[in-house]
Structure formats: structure tokens, C-alpha cells
Visitor: 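Take a look at the following structure, please.
This one's a predicted model, so the numbers in the text were calculated from it and none came from an experiment.
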Amino acid sequence: ARQKVFVKKDKIVSAMNQKGLSFYQKIRRWAKNTTAVPVKNQACYGCFMSINDKVYSEVIKGEEITTCTHCGRILYIEPEDQQTA
């Protein structure tokens with residue numbers, strides 16, 4: 001069963017944007033399971049520092065990968081938060 005999962009993972013990873021994948025893996029080396037964190041109350045939930053309005057608006061738009069200016073983690077808005085933003 002594990003082997004099937006690894007085969008599926010390899011297939012998906014090979015189809016991904018390699019630049020984005022290497023960026024993610026670079027952050028994951030030091031951030032472990034907190035590579036991508038939500039933004040709540042205009043604060044990064046990785047380092048719990050407040051993010052500025054410009055970064056917050058970029059996260060809300062979601063057009064590109066946005067990182068925390070303090071800790072470098074990838075930021076996102078959770079779907080229920082997006083409706084109230």
C-alpha cells in the first residue's frame with residue numbers, strides 16, 4: 001500500500017511546477033510541517049507577527065505565492081475567512 005502511495009506521489013510531483021516545488025521544499029527544510037500557514041486577524045500563524053496591509057491584500061487576492069516578511073512561510077487565507085475578508 002505504501003508503494004502505491006509513493007508511485008502516485010512521484011507522478012504528481014513530476015507534473016508540478018518545479019520552481020514552485022523547490023521553493024516549497026526549501027522552506028520545508030527549516031519550517032517542517034508549518035511551511036504554509038493561514039493568516040488570521042492580519043497575522044501570520046507561523047510566527048504570529050502582524051503582516052502589513054500590502055502583504056495582506058496580496059494574500060487575499062491569491063494570484064501569486066505570498067510569503068511572510070518576518071518568517072518566510074507561505075501565507076494563505078482559509079476559505080471561511082475569505083468570505084468575511
Visitor: Tell me if the CG atom of Asn33 is crowded by more than 12 foreign heavy atoms within 6.0 Å.
Guide: no

Visitor: Going by side chain to side chain donor-acceptor pair (under 3.5 Å), name the residues that satisfy it together with Asp53, two or more places apart in sequence or in a different chain.
Guide: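 In terms of side chain to side chain donor-acceptor pair (under 3.5 Å), with neighbours along the sequence ignored, Asp53 is linked to Gln42.
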
Visitor: Among Ile51, Thr69, Ile65, which one satisfies side-chain contact (heavy atoms from CB on, under 4.5 Å) with Leu75?
Guide: Ile51

Visitor: Quick one: closest heavy-atom pair of Cys47 and Arg73, and the distance?
Guide: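 The answer is N-NH1, 4.0 Å.
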
Visitor: Decide whether Ile74 and Val55 are clustered together by the hydrophobic rule: side chain heavy atoms of Ile, Leu, Val, Met, Phe, Trp, Tyr closer than 4.5 Å, transitively.
Guide: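 No; Val55 is not reachable from Ile74 via cluster members.
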
Visitor: Under the rule for side chain to side chain donor-acceptor pair (under 3.5 Å), what residues qualify as partners of Ser57, not counting sequence neighbours?
Guide: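 In terms of side chain to side chain donor-acceptor pair (under 3.5 Å), with neighbours along the sequence ignored, Ser57 is linked to no residue.
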
Visitor: Keeping to residues at least two apart or across chains, list the salt bridge (Lys or Arg N to Asp or Glu O under 4.0 Å) pairs with something in residues 19-36.
Guide: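 Non-adjacent pairs meeting salt bridge (Lys or Arg N to Asp or Glu O under 4.0 Å): zero.
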
Visitor: Compile the donor-acceptor pairs under 3.5 Å between side chains in residues 2-10 and protein atoms, sequence neighbours left out, one pair per line.
Guide:
none

Visitor: How would you list, by chain and number, every residue that makes a ring pair (Phe, Tyr, Trp, His ring centres under 6.0 Å) with Tyr76, sequence neighbours excluded?
Guide: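 With neighbours one apart ignored, the set is empty.
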
Visitor: For Phe23, check ring pair (Phe, Tyr, Trp, His ring centres under 6.0 Å) against everything at least two apart and list the hits.
Guide: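 None.
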
Visitor: Of all residues at least two apart in sequence or in a different chain, which pass the side-chain contact (heavy atoms from CB on, under 4.5 Å) check with Ser50?
Guide: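 If we apply the side-chain contact (heavy atoms from CB on, under 4.5 Å) test to Ser50, skipping adjacent residues, there are no hits.
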
Visitor: More than 12 heavy atoms of other residues, nucleotides or ligands under 6.0 Å from CD of Glu64: yes or no?
Guide: no

Visitor: Got a second to check how far Cys71's SG is from Met49's CE, nearest 0.5 Å?
Guide: 9.5 Å

Visitor: Nearest 0.5 Å, please: how far is CD in Gln25 from CG in Leu21?
Guide: 4.0 Å

Visitor: Identify the heavy atoms of Val37 and Cys44 that sit nearest to each other, and give their distance.
Guide: CG2-SG, 3.7 Å

Visitor: Mind checking salt bridge (Lys or Arg N to Asp or Glu O under 4.0 Å) for Lys54 and listing every partner two or more places apart, or none if nothing turns up?
Guide: Glu58

Visitor: Hydrophobic clusters join Ile, Leu, Val, Met, Phe, Trp and Tyr when side-chain heavy atoms are under 4.5 Å apart, directly or via other members; which others share one with Tyr45?
Guide: Phe48

